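Here is the structure we will look at.
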Amino acid sequence: MTRVLVVGSGLAGLIAAVRATDAGHRVTLVTKAALSDSNTRYAQGGIAAALFPDDSTDAHILDTLRAGAGLCDAAAVRVLCEEGPARVRDLIRFGVDFDRDESGITRGLEAAHSRSRVLHAGGDATGAAIETALVATVQERAKRAHALGGDQITIHEHTMLVDLIVTDDQGSARVTGALLLGPDGDRHTVSADAVILATGGAGALYRHTTNPAIATGDGVAAAWRAGAAVADVEFYQFHPTALAVPGTPLVSEAVRGEGAVLLTSTGERFMPAIHPDAELAPRDIVARGIAAQMKAQGGAPVLLDATGLGRALLESRFPTITAACRAAGLDWAVEPIPVAPAAHYWMGGVATDGWGRTSLSGLYAVGEVARTGAHGANRLASNSLLEAAVFADRAVRALDAEEQGPPFFDDLDVIAELDGAVLDSADPDSAEHADGTLVDRGTLQELLWEAAGVHRSGSGLTRAAVTLAGWRAVDRAGAGVAELETGNLLDLGRLIVAAALAREESRGAHHRADFPDSRPELARPHFSRRPESLTRTLLTVPSQPSEAIAC
Ligand code: SIN
């Protein structure tokens, strides 16, 4: 029996917890907020899978590769699209009630998909439906274990990952647990044979985001500090259409899939002049098209005209967006609504192989925290829930199976592609940061939005790197949740800016004004890892905290 610590309770974490419990492992699930609080809950459009007779795995693969702009890992994409349908059927078994009509499960079309293949639930409440079903499944497993007198799965809410514990395993580093901050403010260590990170993305890096405030990249930051390789961190996806009101709620791609169009502030369509697929062009192209149009009209948001869809369809198919419009005093059945791009999804993250294994033994990463290579430089719409389901399942299968072969990262040549400059400027423990100004989260978000947002330039990124180098975070030893989060955002902001500076081309979601074209010789991922000399600082188990949580 393996002791498994799962960190995070979105789709990826919940699937990992259920699968690991069912496989007979002893599971501890910790999550920073309440069990049902996660980025998954906000997903609208749905989950893409080649499940219908007019579709094929190959067509889904092709669409994913095209959107990924030359940076996808072809093997990861194949796994995603081949295993996706089975994982969607698992979700149905776990109680997810996808929308149906008289012909069966209904499906939507989203940008850059050559077929309608996006399943949805509750209209545009797909993520909420998935989260609800999986939370119930996990709770049922915990209840059953408890009734049988066992503790095969225990759940700790409002418990934050502070750092990973790395120990020396005969000369090589191994993750053996985590340091956690509990709801009472106490720190605890938990030992585990395997830690599965499922902590999600880091939309809170940016001033405008569709993510909830809890999306502060805690898992990527902790993995980076522990010495795990990260990859492609410069690729952050900006959703083209967030409602341009406080909180920037998402307005799903599916709305454009149903026929809504984008208009300038004076009411003209502008996307047909930018791309033959107009409003259904890949997400990065639509986001940049909107950002450019906003600049041309003095910063005012563009308009999304969904009036042609009719009130009945808007209210039944998109109840979440209808409610968000209503809360903002807008009636989208009768008037176009203001929309603008917002940070949405991180393609980069902790580098994993096809089994969720990271470059550190004992550490797995699944869902948005991971960079599997399935999304390349630009994720295809509605592939994120699918990726979380597919690779969480595979990580659990990999826990005690050796037949998957050695991890990808045994090939150290891959990580040898490290860029020394990236490492130096991004390192949180570098002496140059010690006397800096205490970082302010709002100012950091503003800086990232301006310098490392939809449009980037070498000069803007260089200025941002200098500013970031002059900031410091609160000492992690005594920090509370908000301070730890801000420290994580600072570490990640440095990483993203450094990686964006290092990638001297435009590709997918990464667009540099000074290098406006893709450079074929740069069509490869960018792996980075902290130098071993610095990760040694984490090689000891902290002595103060007690082992109060059993795993
Ligand atoms: C959306 O509904 O537009 C979001 C779907 C996604 O991010 O894949």
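Nothing here was measured: the structure is a model prediction, and the numbers come from that model. Each ligand, and each atom within it, is numbered from 1 in the order the structure gives.
Residue Glu234 is tested with Arg512, Arg503, Arg371 for a salt bridge (charged side-chain N to carboxylate O under 4.0 Å, His left out); the sole match is Arg503.
No close placement of the His239 and Tyr345 rings is indicated, their centers lying 6.0 Å or farther apart.
Inclusion of Asn383 in the set of residues having an N or O under 3.5 Å from an N or O of ligand 1 is not warranted. By the 3.5 Å distance cut-off applied to N or O atoms, Val251 is not counted among the residues near ligand 1. Taking only nitrogen or oxygen atoms, main chain and side chain alike, Gln44 does not reach within less than 3.5 Å of ligand 1. Between Glu253 and ligand 1, at least one pair of N/O atoms sits closer than 3.5 Å. In terms of polar-atom proximity, defined here as any N/O pair under 3.5 Å, Ser384 makes no such contact with ligand 1.
With a 4.0 Å heavy-atom cut-off, ligand 1 is reached by no atom of Arg256.
In summary, the side chains of Arg456 and His510 do present a donor paired with an acceptor at a separation below 3.5 Å, with no hydrogens or angles considered. Between the side chains of Glu387 and Thr372, at least one donor N or O sits under 3.5 Å from an acceptor N or O. In this model, a donor atom of one side chain and an acceptor atom of the other lie less than 3.5 Å apart for Thr486 and Arg441.
In this structure, Asp97 places its CG atom where only 12 or fewer heavy-atom neighbours from other residues, nucleotides or ligands lie under 6.0 Å away.
Ring orientation note: the planes of Tyr236 and Trp346 are close to parallel, at an angle under 30° on the 30°/60° scale.
Remark: minimum distance from atom 4 (C) of ligand 1 to any protein heavy atom is reached at Arg283 NH2, 3.6 Å. Ranking the protein heavy atoms by distance from atom 8 (O) of ligand 1 puts Ser382 N, 2.5 Å first.
Contact annotation: Ala381 has at least one heavy atom less than 4.0 Å from an atom of ligand 1. Within the 4.0 Å heavy-atom cutoff, Gln237 does not count among the residues contacting ligand 1.
In this structure the side chain of His344 reaches within 4.5 angstrom of the side chain of Gln237, judged on heavy atoms.
Scanning Gly127, Ala48, Ser252 for the heavy atom closest to atom 1 (C) of ligand 1 points to Ser252.
Close approach to His344 involves these atoms of ligand 1, each under 4.0 Å from a residue heavy atom: 4 (C), 6 (C), 7 (O). Short contacts between ligand 1 and His239, defined as distances under 4.0 Å to a heavy atom of the residue, involve ligand atoms 1 (C), 3 (O), 4 (C). With ligand atoms numbered from 1 in the order given, ligand 1 contributes 1 (C), 2 (O) to contacts under 4.0 Å with heavy atoms of Gly45.
Annotation: cation-pi geometry not satisfied between Arg117 and Phe52 (NZ/CZ under 6.0 angstrom from ring centroid, within 45° of ring axis).
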